[in-house]
There are 2 protein chains.
Amino acid sequence: MPEERIVRMPKAEFDTGAARCRSNFPIESEFKGIMSSDQSRHKTFPAHGVVFFEGDPANNIYEVADGSVMLYKLLPDGRRQVVEILGPGDLFGVPAGEVYDTSAETLTETLVHMISRKDAEGSDEIQQHMKKCLISQVQNLHDHAVLLGRKSAHERVASFLMRFVPNRGGFACSGPQSETEDESVVTLYMTRQEIADYLGLTIETVSRVLSDMKRRKVITMEKQDRIRVMNVCGLCHLTGKF
Amino acid sequence: MPEERIVRMPKAEFDTGAARCRSNFPIESEFKGIMSSDQSRHKTFPAHGVVFFEGDPANNIYEVADGSVMLYKLLPDGRRQVVEILGPGDLFGVPAGEVYDTSAETLTETLVHMISRKDAEGSDEIQQHMKKCLISQVQNLHDHAVLLGRKSAHERVASFLMRFVPNRGGFACSGPQSETEDESVVTLYMTRQEIADYLGLTIETVSRVLSDMKRRKVITMEKQDRIRVMNVCGLCHLTGKF
DNA sequence: CGAAGGGTTGAGGCGGTTCAAAGCCGGTGG
DNA sequence: CCACCGGCTTTGAACCGCCTCAACCCTTCG
């Protein structure tokens with residue numbers, strides 16, 4: 001079945017490699033960051049801790065060492081859009097101007113490496129890594145623009161869940177483990193509000209879509225943020241990407 | 001009035017400098033590209049010409065020398081999302097994997113510089129420029145995510161139009177030229193379909209919003225793609241950003 | 001003049017939001 | 001151990017903004 005799907009896929013849907021830099025799993029990884037050098041400092045934030053606010057002077061560049069971070073922007077009336085979700089190995093806080101263009105908050109307890117802008121400029125290794133991360137970041141943002149601009153609520157939630165299923169859904173999709181079973185457990189570490197703000201929806205819509213998927217037996221919920229996908233292939237087809 | 005608005009602006013709305021790398025004007029600029037070296041080739045595309053398709057092998061990196069280019073992605077059922085609009089000085093076709101993650105089409109007659117990936121790797125100058133462009137690209141994509149995820153149709157169209165008004169709307173907004181008049185003429189060089197696909201709307205909605213703005217005398221239309229903004233400050237307030 | 005290809009306008013429907021109420025669950029204190 | 005509280009989540013009902021579908025208009029070009 002996955003082979004068949006690959007054959008049918010038009011060029012445009014090939015995996016372009018954007019996922020290779022950043023992990024599928026925001027958590028649980030033991031990433032050995034490129035920034036773990038002398039000149040870098042470390043800092044641990046609790047879950048839902050603020051790393052910096054939009055508009056703060058951009059003095060440091062950060063790398064997620066362990067945990068997960070979201071970047072978001074606010075409109076003056078309080079509307080929020082979460083623009084990126086980052087995991088181990090991802091960089092953030094790389095500024096075009098003098099200040100950060102987004103706020104950064106942790107989702108889970110998170111260890112970050114920090115390095116000053118000046119020191120980052122000086123290191124070729126870091127520059128290289130930065131470029132690589134930026135490129136994959138851009139491609140992820142392209143995907144997210146498609147999601148926000150053109151996908152239905154069901155497709156958005158399905159795409160979101162698929163993000164956290166390892167080795168599935170991309171060009172290199174490994175297909176179901178066995179003939180009879182195609183399950184996977186994903187842990188979100190995000191509140192409904194955070195998910196909604198990432199997907200451009202409301203809390204209620206996210207909740208309704210998840211309930212609907214439960215009703216259709218695509219997923220079951222072990223805890224509120226721990227979801228068992230009963231049929232990965234089925235969920236994948238709900239993303240709109242295939 | 002503009003000074004007053006700046007004072008009221010919370011930190012979060014400061015211009016973060018994302019616009020500095022790329023021009024406000026996709027057209028009419030005589031940008032002397034960093035790629036205009038020996039090893040680069042040039043190519044001119046007519047308006048609405050295809051530079052490459054999503055999924056094509058990513059052999060070259062491009063720079064817009066003159067004209068404008070849009071990058072878009074398609075879903076298999078034909079839904080399209082334009083993810084970026086580029087002008088002189090902007091780079092595109094920088095791949096994370098082996099293939100392009102978007103398609104690239106010109107909006108107007110466009111001159112591009114091309115350079116092979118290998119040659120790009122070799123030049124520090126190009127690497128530097130590439131990094132700078134990527135960073136501003138990321139910030140523009142952040143803004144666009146907010147637009148797609150959280151803004152109303154009116155706010156989207158207003159934001160879109162403000163993009164093409166020079167020196168207005170950002171942190172460095174110069175304010176109205178005179179006490180009595182606050183006009184500006186923008187030329188879109190895009191069909192309604194392209195605008196709609198960029199803003200995550202339908203043709204009809206774009207058309208209706210523009211008609212509504214005409215009715216409210218915020219804009220007048222000199223030609224279908226040539227719009228006179230009668231009240232820049234007024235339009236700016238419709239963007240939702242202030 | 002007629003055809004073709006955008007663009008505009010109108011009517012109706014639907015998906016997602018809004019507002020409101022109830023449910024669930026973990027934590028705290030009696 | 002259970003009652004209570006607060007925060008998050010779920011569910012329901014009504015509404016509304018944008019989409020869909022269809023007709024019409026305008027401009028361009030043969």
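Order of the sequence lines fixes the chain letters, A, B, ..., with proteins taken first and strands second; residue numbering starts at 1 for each chain.
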Engineer: May I ask you to decide if the ring planes of A:His42 and A:His113 are parallel, tilted or perpendicular, using 30° and 60° as cut-offs?
Structural biologist: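 Perpendicular.
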Engineer: From CD of B:Glu222 over to P of D:dC26, roughly how many Å is that when rounded to an integer?
Structural biologist: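 The answer, rounded to whole Å, is 19 Å.
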Engineer: Between the side chains of A:Lys151 and A:Ser159, is a donor N or O closer than 3.5 angstrom to an acceptor N or O?
Structural biologist: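 A:Lys151 vs A:Ser159: donor-acceptor pair found between side chains.
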Engineer: Can you tell me how far P of D:dT9 sits from CD1 of A:Ile227, to the nearest Å?
Structural biologist: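 The distance from CD1 of A:Ile227 to P of D:dT9 comes to 11 Å, rounded to the nearest Å.
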Engineer: To the nearest angstrom, how far is B:Arg79 atom CZ from D:dT20 atom C1'?
Structural biologist: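 In whole Å, D:dT20 C1' and B:Arg79 CZ are 15 Å from each other.
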Engineer: Name the first nucleotide and the last nucleotide along DNA chain C (5' to 3') that come under 4.0 Å of a heavy atom in chain A.
Structural biologist: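 On DNA chain C, the outermost contacted nucleotides are C:dG16 to C:dC19.
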Engineer: Do the side chain of B:Arg228 and the main chain of B:Ile219 share a donor and acceptor less than 3.5 angstrom apart?
Structural biologist: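 No: the side chain of B:Arg228 does not pair with the backbone of B:Ile219.
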Engineer: Select base, sugar-phosphate, or nothing to describe what A:Ser211 touches, counting heavy atoms under 4.0 Å on all strands.
Structural biologist: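 Here A:Ser211 touches the backbone only, sparing every base.
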Engineer: Do A:Lys214 and A:Thr220 have a side chain donor and acceptor closer than 3.5 Å?
Structural biologist: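 No.
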Engineer: Expressed in angstrom and rounded to an integer, what is the separation of A:Arg226 atom CZ from D:dT9 atom P?
Structural biologist: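 It is 17 Å, rounded to the nearest whole Å.
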Engineer: Report the residue (B:Ser152 or A:Met190) whose heavy-atom-nearest nucleotide on DNA chain D is the more 5′ of the two.
Structural biologist: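 Going by which nucleotide is closer to the 5' end, it is A:Met190.
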Engineer: Which residue lies toward the 5' end of DNA chain C, A:Gln224 or A:Leu201, if each is placed at its nearest nucleotide?
Structural biologist: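 That would be A:Leu201.
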Engineer: Does a donor on one side chain and an acceptor on the other come within less than 3.5 Å for B:His48 and B:Glu194?
Structural biologist: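 Checked: B:His48/B:Glu194 side chains pair up, N/O donor to acceptor below 3.5 Å.
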Engineer: Just how far, in rounded Å, is P of D:dT9 from NZ of A:Lys223?
Structural biologist: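 These atoms are roughly 11 Å apart.
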Engineer: Pick the nucleotide of DNA chain C nearest each of A:Arg208 and B:Arg215; which residue has the one closer to the 5' end?
Structural biologist: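 The residue whose closest nucleotide sits nearer the 5' end is B:Arg215.
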Engineer: A:His237 vs A:Phe242 aromatic rings, parallel, tilted or perpendicular, using cut-offs 30° and 60°?
Structural biologist: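 If you compare the ring of A:His237 with that of A:Phe242, the planes turn out perpendicular.
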Engineer: Grab the CD-C1' distance between B:Glu155 and D:dC18 for me, whole Å please.
Structural biologist: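 Nearest whole value for this atom pair: 14 Å.
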Engineer: So what does B:Leu210 touch, heavy atoms closer than 4.0 Å: a base, only the sugar-phosphate, or nothing?
Structural biologist: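 Answer is nothing: B:Leu210 stays at 4.0 Å or more from every strand.
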Engineer: Rounded to whole angstrom units, what separation is found between the CD atom of B:Gln193 and the P atom of D:dT20?
Structural biologist: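 Taking atom P of D:dT20 as the reference, CD of B:Gln193 is at 11 Å.
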Engineer: Let me know the distance between CD of B:Glu204 and C1' of D:dC21, rounded to the nearest Å.
Structural biologist: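 From B:Glu204 CD to D:dC21 C1': 8 Å.
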Engineer: Check this one for me: any side-chain N or O of B:Thr202 less than 4.0 Å away from OP1 or OP2 of D:dC18?
Structural biologist: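 So the side-chain polar atoms of B:Thr202 never come under 4.0 Å of the phosphate oxygens OP1 or OP2 of D:dC18.
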Engineer: If the threshold is 4.0 Å, N to carboxylate O, is there a salt bridge linking A:Arg208 and A:Asp212?
Structural biologist: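 Judged by the 4.0 Å cut-off on N to carboxylate O distance, A:Arg208 and A:Asp212 do not form a salt bridge.
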